[in-house]
Amino acid sequence: MPGRAEPMIAPSILSADFARLADEADAVGNADWLHFDVMDGHFVPNLTIGLPVLKSLKQHTAIPLDCHLMIDDPDRWAPPYAEAGAANVTIHVEAAHDPVQTARAIRAAGALAGLSVKPGTPLEPYLDVLKEFDTLLVMTVEPGFGGQSFMAEVLPKVRLAREHVNAGHLRLFLEVDGGIASDTIEAAAEAGADVFVAGSAVYGADDPARAVEALRAQARGAMARR
Ligand code: DX5
Ligand code: ZN
């Protein structure tokens with residue numbers, strides 16, 4: 001059974017120039033979502049941007065903002081991202097105390113709710129919880145930094161989630177994040193992903209919008225084969 005017809009490409013502004021975020025969003029005007037990595041220096045060793053930056057950037061771009069919260073206590077901090085106008089707010093299952101309650105709060109504030117799993121976190125214990133979510137973000141690197149190598153060994157989790165979606169047990173965007181580039185996106189798409197985060201592969205390119213289009217074409221081709 002085929003998956004979603006059209007892949008979605010979400011450039012990660014982690015690889016953009018943080019002093020010029022509005023321009024960097026404009027540079028990928030053909031993106032489906034703009035991926036917004038929030039890191040707190042606790043859940044992950046790195047520290048990035050947060051709610052005030054989201055609120056400011058939202059004034060300068062019409063691209064839906066895809067917030068990936070790599071933070072402790074997302075139960076407390078996630079709903080304000082939805083209230084601020086994020087299109088999708090993803091929390092990490094390893095950090096959440098009550099993912100179902102938090103998903104409901106995110107949705108009640110008008111955003112899609114996402115659940116993310118680190119490479120070492122299995123999916124099976126969360127298949128039931130995922131009924132409350134709109135997005136599953138499978139990390140294909142250890143969260144924390146851009147520019148790392150894609151971990152193909154996590155693709156069985158994408159395949160498992162795709163089987164559950166195709167069987168009608170779950171309704172989810174299947175998003176992959178980390179090391180997505182021209183040499184890895186097809187394997188992720190064949191496994192069942194339909195939303196592709198790409199940081200360095202987009203913002204490291206001479207023409208970020210062309211990189212988005214090229215990745216989309218590759219993903220589309222691979223999705224048609226599955
Ligand atoms: C890593 C972040 C990713 C990162 C991906 O923890 O969650 O979104 O920006 O960067 P690349 O595409 O360079 O691996
Ligand atoms: Zn991310």
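Ligands are counted one by one from 1 in listed order, and the atoms in each one are counted from 1 as well. Since we're looking at a predicted model, the values are computed, not measured.
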Count of N, O or S atoms belonging to protein, less than 2.8 Å from the Zn ion (ligand 2) | 4
Determine whether more than 12 heavy atoms belonging to other residues, nucleotides or ligands lie under 6.0 Å from atom CZ of Arg171.
-> no
With Leu34 as reference, evaluate Val28, Leu21, Asp66 under the side-chain contact (heavy atoms from CB on, under 4.5 Å) test and give the passing residue.
-> Val28
Going by atom types only, do Asn88 and Thr90 share a side-chain donor-acceptor pair under 3.5 Å?
-> yes
Taking all atoms of both residues into account, what is the closest heavy-atom pair of Ala211 and Ala205, and its distance?
-> CB-CB, 3.8 Å
Strictly by modelled atom types, are Thr102 and Asp75 linked by a side-chain donor-acceptor pair under 3.5 Å?
-> yes
Phe36 six-ring face occupied by Lys58 cation (under 6.0 Å, within 45°) | no
Write none if no such pair exists; otherwise list each N/O atom of ligand 1 with its protein N/O partner under 3.5 Å and the distance.
from	atom 1	to	atom 2	distance (Å)
ligand 1	6 (O)	Gly144	N	2.7
ligand 1	7 (O)	Asp37	OD1	3.0
ligand 1	7 (O)	His68	ND1	3.2
ligand 1	7 (O)	Asp177	OD2	2.9
ligand 1	8 (O)	His35	NE2	3.3
ligand 1	8 (O)	Asp37	OD1	3.2
ligand 1	8 (O)	Asp37	OD2	2.7
ligand 1	8 (O)	Asp177	OD1	2.7
ligand 1	8 (O)	Asp177	OD2	3.0
ligand 1	9 (O)	Ser12	OG	2.7
ligand 1	9 (O)	Asp37	OD2	3.0
ligand 1	12 (O)	Gly199	N	2.7
ligand 1	13 (O)	Gly147	N	2.8
ligand 1	13 (O)	Ser200	N	3.0
ligand 1	13 (O)	Ser200	OG	2.5
ligand 1	14 (O)	Gly179	N	2.8

Parallel, tilted or perpendicular, as decided by the 30° and 60° cut-offs, for the rings of His35 and His68 = tilted
Under-4.0 Å salt bridge between Glu213 and Arg210 | no
Would you please indicate if the ring centroids of Phe173 and Trp33 are separated by under 6.0 Å?
-> yes
